[in-house]
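Reviewing the structure listed below.
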Amino acid sequence: MAPSGSRNIKRDCRRVLYWIPVLFICLIVAWSYYAYVVQLCIETIENLGEKIVYLLAYHVFFIMFVWAYWQTIFTKPMNPLKEFHLSHLDKELLEREDRGESQQEILRRIAKDLPIYTRTTSGAIRYCERCHLVKPDRCHHCSVCDKCILKMDHHCPWVNNCVGFSNYKFFTLFLAYSLLYCLFITATDLQYFIKFWTNGLPDTQAKFHIMFLFFASSMFSVSLASLFSYHCWLVCKNRSTLEVFRAPAFRHGTDKNGFSLGVSKNLRQVFGDEMKYWLLPIFSSQGDGCSFPTCLVNADPEQPASPSGHTAIKSDEDTHQFPAKPLRESQSRLLSNGQTWTDSEGTEDKDREGTSNPAMTIEKET
């Protein structure tokens, strides 16, 4: 009982510590609200029209920023569906097998009806030993949350949450509105910051708030601009932060652009089909997070396609087609058309041969 109680205390302490970065951000925002609204707009600005315009614009940016931040923090990351989890019988069979090729045979049987196209770098089925499930494409195990997260981008300490399929749009909007928030404060505070150094402000405590407000907002603007630009690039390329460091592996090998369908479709995967929802922290992303179209399944408008409609994949020896598994209707909502794809007999033979390859090992990610 004592060791168990000790572990629970440590876990609770870690949970409290994880909220410290969030609390820090909240305190900074609360102070910035007081410094801008009270000290700058109410106490310092004398022109009534300027004061009203500044307050109205400020509160628009403030509300959108807080709304997006709230959604990013409190939207729970999505986990794989039950069909990706191993049954009790399959788990027992997998635990009994010591050989990697036998384990892969079991995993291949389980995964044959699942919309899975990615593999490990060695060509094996991606399997999580902690969650006991076959990993969907773009899914990774978070060591902080101790769960498999759909389309995991990274675990962000500033929101104390995993950024993944369910809240990546919110995270991107949070970066955008926080950048606009800081830029607006910097721009409107600049003239009074200059007056501070030219002794043009009355000798009150407001001038110190105005000075520190300008420094804080300008410094945050620089860091947020670089981070927001990076994630805009990721959205346009349809990649996650993890996929930048380790390109997804398919049957033919690794392909960093494997999920890219062109800038327009990539944007719609994150922000949805209806543009009226793009700027609102409301979930509108396409799909279910468990299956994604790839340029190997759907013809990429930016890539040349083979005459048969399949995307040609070049190997060292020759050029061959990449046939993909059929997706069920509920798992292919991201596809722009109703095409279905079937495996050829040759591919099935290759799959059977691949099961006897001792290089096929279970992926272990933590």
Just by distance, do the side chain of [X] and the backbone of [Y] share a donor-acceptor pair under 3.5 Å?
X	Y	result
Gln104	Ile125	yes
Asn167	Cys162	yes
Asp153	Ser240	no
Ser178	Leu175	yes
Arg126	Pro136	yes
Gln71	Phe170	no
Asn160	Ile73	no

- Output every pair passing salt bridge (Lys or Arg N to Asp or Glu O under 4.0 Å) with a member in residues 205-218, not counting sequence neighbours, ordered by first then second residue. Asp203-Lys207
- Task: Could you list all the salt bridge (Lys or Arg N to Asp or Glu O under 4.0 Å) pairs where at least one residue sits in residues 169-198, not counting sequence neighbours?
- Result: none
- So CG of Asp255 and OG of Ser260: to nearest 0.5 Å the spacing works out to 9.5 Å
- Residue pair Thr186 / Ser217, side-chain donor-acceptor N/O under 3.5 Å: yes
- Item | More than 12 heavy atoms from other groups under 6.0 Å of NZ on Lys256 | no
- Message: Could you work out, with ring-ring contact (aromatic ring centres under 6.0 Å, His included) as the rule, every residue matching Phe74, not counting sequence neighbours?
- Response: Trp70
- Return the set of residues passing ring-ring contact (aromatic ring centres under 6.0 Å, His included) with Phe283 (not counting sequence neighbours), or none when no residue passes. Phe165
- Message: His155: which residues meet the side chain to side chain donor-acceptor pair (under 3.5 Å) condition with it, sequence neighbours left out?
- Response: none
- Would you call Arg96 and Glu92 a salt bridge, taking side-chain N to carboxylate O under 4.0 Å as the test? yes
- Test of ring centre spacing under 6.0 Å for Tyr117 and Phe292: no
- Note on the structure: Residues joined to Leu56 in its hydrophobic cluster, side chain to side chain under 4.5 Å directly or through other members, sorted by chain and number, are Leu48, Ile52
